[in-house]
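The figures here come from the full heavy-atom set of this structure, side chains too, leaving out hydrogens, waters and symmetry mates.
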Amino acid sequence: MNYFWNLLKNLDKILVVLPLCFAVFSVTMIASTAHTGEFVFSSEVRTQIVAYCIGFVAMVVVLFIDYHFYVNIERILYIGSILFLLTVYMPFLGHQVDGGLRWINLGITTFQPSEMVKISLVLLSAMYMSRNRNSLKTFKGVMLSFLYISPFIGIVVLEDLGSAIVMGFAWIFMVFYAGIDLKLFAKLSGVAALCTPLVYRMLSGAQRARIDAFLNPDNLALPGNYQVWQSRIAIGSGGLFGKGLFAGTQKELRFLPVQKSDFIFSVIVEELGLIGGAFLISLYTIFLSRILKIAYNAKDLYGALISMGFMGMFLFQTFQNIAMTMGLMPVTGVTLPFISYGGSSILSCMVAVGLILNIGMRNKIINF
């Protein structure tokens, strides 16, 4: 008992409070998207509250399982994650939404496997890189590191390009922290840039259309451009202080699509203004800085790499979603962490926080 009490004394209190702040922010803004003249306790609001409750329980469970435990089940985690991703292709289980087959139907709800596999990808990458750190200074070593996780990214890119890119950025952050040679990284970046046309041709028609839309923003006939156009109007009309909570006209008149998930940041800025948007971004900045501190103080490379992987994941998702609403990035369906509607996303975010806190509170404890 004393052992766990000593661990809890090392807990990053700020990193515990921030998800609570995000939860209040998220539920309030999702309630706003359902507002029609009066407050509506919609099914989306109820689902988000339940998702957060389950998420906090999962965070606590993960908190007390020493993060080194997962090394013992590496093979199970690796194979199990691949099989979990493939469940979307099982008859009567796979569930298609908006043309994308990336959900499974559990009867009472749906779940997106790729959200939880982001967690296992970070854990597995950290295991591999901590064992093979010296080899990451060579081209062969970096390629082998990427090949190790390529089955995950390969399957996910067929289901959800946005999630695959998030996984890729998590891997990049971890490789950088592990000490990749910068000249080698520059060469690899050049090769990747040269391969861009080939990758573009390998994408599905819907994925290529999203990129075409981003490159031709004035063509509203292309998928995604109408949403971005309405999003920019909503953000611009919010001004400095916004139109007031529950009072957004672009939102209320349903000009702004996908309000509760992809474009929830547009609702926030329309109703709470630049100040509201800046406040949310400041919360993310504090959140990311705490993760960076935990990575820096981690007692081993494995823990530091896990923290950096999640930092890359959260940083890219936040940047991509916010930039997408302003037309600065292609529309990919990447959710705004902790804020967008979605039980799968909330659960994966909370599990990630639990692992980061786990690493942070063990940085001064020697386990025997």
Side-chain angles (χ1 to χ4, degrees), residues 11-30 52 55-56 59 118-119 122 162 165-174 176-177 231 235 238-242 245 261-298 303-329 332 334-342 345-346 348-361 363:
L11 201 63
D12 189 319
K13 310 301 188 298
I14 295 175
L15 203 55
V16 173
V17 171
L18 282 171
L20 289 170
C21 297
F22 287 134
V24 173
F25 214 114
S26 174
V27 171
T28 302
M29 297 316 302
I30 290 172
Y52 259 111
F56 274 107
M59 183 188 79
K118 290 177 187 175
I119 305 297
V122 169
I165 295 173
V166 171
M167 291 178 175
F169 264 84
W171 177 80
I172 289 172
F173 265 67
M174 297 168 80
F176 257 104
Y177 192 86
S231 172
I235 290 172
L240 183 61
F241 298 104
L245 187 61
S261 54
D262 293 5
F263 289 91
I264 196 165
F265 185 75
S266 310
V267 177
I268 292 169
V269 179
E270 182 185 22
E271 298 192 343
L272 305 180
L274 178 62
I275 290 177
F279 174 73
L280 179 59
I281 292 172
S282 70
L283 290 181
Y284 280 122
T285 303
I286 297 169
F287 177 73
L288 292 171
S289 69
R290 303 307 294 186
I291 299 177
L292 185 61
K293 181 180 178 181
I294 287 174
Y296 180 78
N297 292 325
L305 286 172
I306 293 172
S307 301
M308 289 304 298
F310 287 133
M311 182 180 175
M313 183 179 78
F314 284 124
L315 177 61
F316 177 75
Q317 282 192 238
T318 303
F319 171 78
Q320 162 64 27
N321 182 274
I322 293 175
M324 175 186 77
T325 64
M326 301 177 187
L328 302 177
M329 290 288 282
T332 59
V334 171
T335 57
L336 188 59
F338 299 102
I339 305 298
S340 292
Y341 169 74
S345 175
I346 295 300
S348 68
C349 286
M350 296 305 294
V351 169
V353 171
L355 282 164
I356 295 165
L357 289 169
N358 188 318
I359 295 162
M361 74 181 188
N363 64 354

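Side chain of Thr28 to backbone of Val24: a donor-acceptor contact under 3.5 angstrom is found. A donor-acceptor pair is defined here as one N or O able to donate and one able to accept, closer than 3.5 Å; such a pair exists between the side chain of Ser348 and the backbone of Ser345.
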Working for side-chain contact (heavy atoms from CB on, under 4.5 Å), residues Leu355 and Phe310: CA-CA 9 Å; Leu355 282 164; Phe310 287 133; 3.8 Å; yes

Apply side-chain contact (heavy atoms from CB on, under 4.5 Å) to the pair Leu20 and Phe56, showing each step before the final yes or no. CA-CA 9 Å; Leu20 289 170; Phe56 274 107; 3.4 Å; yes

For a side-chain contact (heavy atoms from CB on, under 4.5 Å) check, start with the C-alpha distance between Met308 and Ile291, then their side-chain angles and the critical distance, and finish with the verdict. CA-CA 8 Å; Met308 289 304 298; Ile291 299 177; over 6 Å; no

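Note that SG of Cys349 and CE of Met59 are 12.5 Å apart. Values are rounded to the nearest 0.5 Å. In this structure, the separation between CZ on Phe173 and CZ on Phe314 is 13.0 Å, given to the nearest 0.5 Å. Taken to the nearest 0.5 Å, the CE atom of Met167 stands 9.5 Å off from the CE atom of Met313. Atom CD1 of residue Ile294 and atom CD1 of residue Ile306 lie 12.0 Å apart, to the nearest 0.5 angstrom. Atom CZ of Phe279 and atom CD1 of Ile268 lie 11.0 Å apart (nearest 0.5 Å). The line from OG of Ser266 to CE of Met326 is 8.0 Å long, rounded to the nearest 0.5 Å.
When the side chain to side chain contact (heavy atoms under 4.5 Å, CB included) test is applied to Val27, the partners found at least two apart in sequence or on another chain are Val45, Gln48, Ile49. Applying the side chain to side chain contact (heavy atoms under 4.5 Å, CB included) rule to Val16 yields the partners Leu11, Leu357; only residues at least two apart in sequence or on another chain are considered. By the side chain to side chain contact (heavy atoms under 4.5 Å, CB included) test, Leu274 pairs with Leu240, sequence neighbours left out. Every residue two or more places apart in sequence or in another chain that forms a side chain to side chain contact (heavy atoms under 4.5 Å, CB included) with Ala23 is listed here: Tyr52.
In plain terms, the two heavy atoms of Pro337 and Gln317 that are nearest each other are CG-CB, 3.6 Å. Nearest heavy-atom pair, Ile359 versus Gly303, reported as atom, atom and distance to 0.1 Å: CD1-O, 3.3 Å. Across all non-hydrogen atoms, the minimal contact from Tyr177 to Ala304 is CE2-CB, 3.4 Å. Gly276 and Phe25 make their closest contact through O-CZ, 4.2 Å (heavy atoms, listed as atom of the first residue, atom of the second, distance). Minimum heavy-atom separation, Ala298 to Asn363: CA-CB, 4.4 Å. The two residues Met324 and Asp262 have their closest heavy-atom pair at CE-O, 3.4 Å.
Ile322 pairs with exactly one of Leu336, Leu328, Ile235, Val269 by the side chain to side chain contact (heavy atoms under 4.5 Å, CB included) rule, that one being Leu336.
Among residue pairs with one or both ends in residues 277-296, those qualifying as side chain to side chain donor-acceptor pair (under 3.5 Å) are Asp12-Arg290; sequence neighbours excluded. Residues in residues 318-329 take part in these side chain to side chain donor-acceptor pair (under 3.5 Å) pairs, two or more places apart or across chains: Gln320-Thr332.
Here the two rings, on Phe338 and Phe287, have centers that are under 6.0 Å apart.
Checked by atom type, the side-chain pair Thr335/Ser340 shows no donor-acceptor distance below 3.5 Å.
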